[in-house]
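The structure appears below as structure tokens.
Each ligand, and each atom within it, is numbered from 1 in the order the structure gives. Residue indices begin at 1 and follow the sequence shown. Worth saying up front: this structure is predicted, and the values here are computed from it rather than measured.
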Amino acid sequence: MLTQNLGYPRIGGQRELKKVCENYWAGKTGLKNVLTVGKNIRHENWQTQKNAGIDLIPSNDFSYYDHVLDHSLMFGNIPKRYNEVILKQGNEELDLYFAMARGYQKDVLDVVAMEMTKWFDTNYHYIVPEFYKDQQFRLFSTKATNEFYEAKQLGIITKPVLIGPVSYLLLGKEKEAGFDKIDLIKNLLPVYMEILNKLKDLGAEWIQFDEPFLSLDLTEKEQQVYRDTYRQLRKAFPKLKFLLTTYFERLGDNAALATSLPVDALHIDLVRAPQQLSGVLDLLPEKTILSLGVVDGRNIWKNDFVHSLAIIAQATEKLGDDRVWITPSCSLIHSPIDLNNEKNEAVLTPEIKQWLAFAKQKVSEVVLLKNLASANAGVGHHYKLAENKHAHAARKSSVLIHNQAVKKRVAAITGQDAERNSAFTARKLKQLQLLQLPLYTTTTIGSFPQTAEVRSWRAQLKKGNITQADYDKHIAEETEKAVKWQEEIDLDVLVHGEFERNDMVEYFGEQLAGFAFTQNGWVQSYGSRCVKPPIIYGDVSRPVAMTVKWSAYAQSLTRKWMKGMLTGPVTILQWSFVRNDQPRSETCMQIALAIRDEVVDLETAGIKIIQIDEPAIREGLPLRKADWATYLHWAVKAFRISASGVADDTQIHTHMCYSEFNDIIQSIADMDADVITIETSRSQMELLDVFAGFKYPNDIGPGVYDIHSPRVPNRNEMTHLLKKARAVIPEAQLWVNPDCGLKTRGWDEAKKALIEMVAAAKEMRATIAEPATI
Ligand SMILES: Nc1nc2c(c(=O)[nH]1)N[C@@H](CNc1ccc(C(=O)N[C@@H](CCC(=O)N[C@@H](CCC(=O)N[C@@H](CCC(=O)O)C(=O)O)C(=O)O)C(=O)O)cc1)CN2
Ligand SMILES: [Zn+2]
């Protein structure tokens, strides 16, 4: 029985990679430092896993920005527009790489970033590979072989991780018509062969192919490509050992396919889909190893050893010890790094801490499970088992978890609670009358730059260096400046700027009962950006109002409308670590009621436009279509419960980003927000076709510029996009706004961009009167 790991977090225990990359991008440090920090993180990760006793340690799981982008660079899949960046003197491979990820605006060069989207149902974002007809690939970056060699020098023979060729193609996007990206496999496979050859020559024994698409619905053709691809790889490398990994869902009707592929080991996720074990055991060919993903890579709860040992026993009984591996369910990049970094008992109490395991602890759990599963486990191991049983029993019976009042309130929810008083058309009339806003109403999505200064006030407050009153004063001043500035540039609907928030989920979690926090539980979201997901351990309620003070203050500073700003129940759920002792839908309803109370309190305080952000509603969609309806039903209901406590003339907005809405547009409409603002600029308004085709009934603000790049757009780009929007959506329904909040931007670029945006909206208004447009 072997232990293995599929991938380790790569941001560094103190987010070293984030810090050095951001400094490099700001011109404050050199490339050499970036490379040194990267190398140190890799070495530490390998050493940690080796010390824990992991048999098969991954390499090429490290990344400076994103592992999908690493593969694009590896295959020379570099869109033509970056050629100039390559050619420009003084640019290294990593500069080209960062240009693809972030865009490049320097001297006369001005290149937009590649698209980014969600990695399956996680809060991790990857850079979408671009595919063109007849595209050729070539080995460009040698990262995979370099890292294998690097580890070998340290005496560790690692298992290089590659995204499988079929999944790599399925992750990408066709950028022109007239071909099927999956047909590019014949051009791509030779590059994989070249890489495998090099790895083999360097002494690699095992190769990990990540093929998460085997857990999704596949067409006949895609299934056939899987068969052909792995047959060819096998034929070319009869001796190299292949591990095929699947995760995040059951294999389902792909089980026969996955088990028939000629590989040496197959990994399945038994945390998400424990019920698939029996079926896979029945189908597994005689010599294939089964890697059991029993330790949850997506959540922070301590493993239940009794439960896992039963799974392991079921597998070994059928396969024998030699054909069973113990593994986390998926890569650990979705988990914080080390629970031992949580030292402050006032932040994370010992009672809750004993229920948890982060990446470093999970790796040890894997090894412990192997030891416990072996016939001659020693006394020390049995002591650990007893300790584990104790922690689970303690969690079950803890008084922290249950709140009868909350349970009763959820049980008493009626259909009426999820309905506004009137239908949208009636509400819209009342809102037009009250709000008196111009056509092409301009607004922003909520946050303004979270500068180092703003963050440092929060850090100072935490350290006790400044008082709460000092802190509040700083935030009030910052808010006032933002409000005044928005008035100056003539935006129509203003926001307070969210300066008081560390993060749009953590901030709410901190004020809700049933949530716990970490000091250092960072998880990568995209590139250098990280989040510290709160931990929902018990029944959720809202002891006091959470946002009324800042919203009411901001409204008091202006005669324009101030938009209230909340995070919706599905997003709070999706971006937290959620309790696993009750259905997610139940927890979501509890959060929905808490947000509903907040919405009502905001209205009472005179806030007549309230945005309830639900950027994660699409991401929470189950990976298998068969499971969609159930999820969408409760997710939409939760949003509606949160939004429906207000009068008709209170305008409810929602906001979503990085989502493909094609398949769920009906549910988006069912949410019945008066206005939805969506990210559309990186895809050049492509997304809007869905809304247009569906005749989406309510108002829409399609994002007119990308906020994830420091690049400043000009007004013509924005009027161009707005004209595209106007061609498919009636003018009376259109709002003008950026793709998302501006918290990651600097003030300089944010200001320039918004001035251009307001100018673009005014140009559009000027064209309304022209008869030609009627
Ligand atoms: N949860 C979540 N998921 C999301 C999003 C989101 O906003 N939140 N947006 C979408 C895109 N993802 C994003 C994820 C993170 C960030 C982001 O800006 N993260 C910040 C951290 C935000 C934060 O928690 N800030 C804290 C702590 C900041 C910090 O690093 N403090 C320093 C000290 C202070 C200093 O001097 O900077 C430290 O601890 O070392 C605060 O402001 O209080 C970052 O990585 O830089 C943006 C977008 C999708 N998913
Ligand atoms: Zn957003």
Residue part near ligand 1, for T744, under 4.0 Å between non-hydrogen atoms = side chain
task = Look up atom OG1 in T654 and atom CD1 in I668, then write down how far apart they are to the nearest 0.5 Å.
result = 8.0 Å
task = Considering non-hydrogen atoms only, spot the tightest contact between D66 and H125 and give its length.
result = OD1-O, 4.2 Å
Side chain, backbone, both or neither: the part of M504 lying under 4.0 Å from ligand 1 by heavy atom = side chain
inquiry  = Can a side-chain donor-acceptor contact be found between Q524 and R529 if the only test is distance below 3.5 angstrom?
reply    = no
ask   = Are Q651 and H653 close enough that a side-chain donor and a side-chain acceptor fall under 3.5 Å?
value = yes
key: atom 9 (N) of ligand 1: the protein heavy-atom neighbour that sits closest, reported with distance to 0.1 Å   = W575 CH2, 4.0 Å
query = Does any N or O atom in K18 lie less than 3.5 angstrom from one in ligand 1, N or O only?
reply = yes
note = for atom 38 (C) of ligand 1, nearest protein heavy atom and its distance come out as R15 NH2, 3.4 Å
inquiry  = Ignoring hydrogens and geometry beyond distance, is a side-chain donor-acceptor pair present between D470 and T467 at under 3.5 Å?
reply    = yes
request  = Mind telling me whether W119 and Y124 have parallel, tilted or perpendicular rings, with 30° and 60° as the class edges?
outcome  = perpendicular
key: Residue K563 excluded, over 12 heavy atoms near NZ under 6.0 Å   = yes
remark   = among protein heavy atoms, the one nearest atom 50 (N) of ligand 1 is N123 OD1, 2.7 Å
key: Closest protein heavy atom to atom 21 (C) of ligand 1, given as residue, atom name and distance to 0.1 Å   = C530 O, 3.7 Å
CD1-CG distance between I652 and L566, expressed to the nearest 0.5 angstrom = 8.5 Å
ask   = How long is the span from the CD atom in E500 to the OG atom in S551, to the nearest 0.5 Å?
value = 7.5 Å
Ligand 1 to K743 polar contact by distance, N or O atoms, under 3.5 Å = yes
message = Under a 4.0 angstrom heavy-atom cut-off, which atoms of ligand 1 come close to H125?
response = 11 (C), 49 (C), 50 (N)
task = Only heavy atoms count here, so choose which of W457, W522, Y526 is nearest to atom 11 (C) of ligand 1.
result = Y526
inquiry  = I want to confirm something. Looking only at heavy atoms, which of R458, Q460, R529 is nearest to atom 18 (O) of ligand 1?
reply    = R529
ask   = If you measure only the distance, is there a donor-acceptor pair under 3.5 Å linking the side chains of S63 and Y97?
value = yes
inquiry  = Students should be able to answer this: which protein heavy-atom is nearest to atom 6 (C) of ligand 1, and at what distance?
reply    = D503 OD1, 3.5 Å
query = Does any N/O atom on S525 come nearer than 3.5 Å to any N/O atom on ligand 1?
reply = yes
task = Answer whether the closest heavy-atom distance between the side chains of T744 and Q450 falls below 4.5 Å.
result = no
remark   = The option among R455, K19, K118 carrying the non-hydrogen atom nearest to atom 35 (C) of ligand 1 is R455
key: Numbering as shown, the atoms of ligand 1 that approach A459 to under 4.0 Å (heavy-atom distance)   = 33 (C), 34 (C)
inquiry  = Can you tell me which portion of K532 lies within the under-4.0 Å heavy-atom range of ligand 1? Options are side chain, backbone, both, or neither.
reply    = neither
key: Closest protein heavy atom (residue, atom, distance) for atom 26 (C) of ligand 1   = N502 CB, 3.7 Å
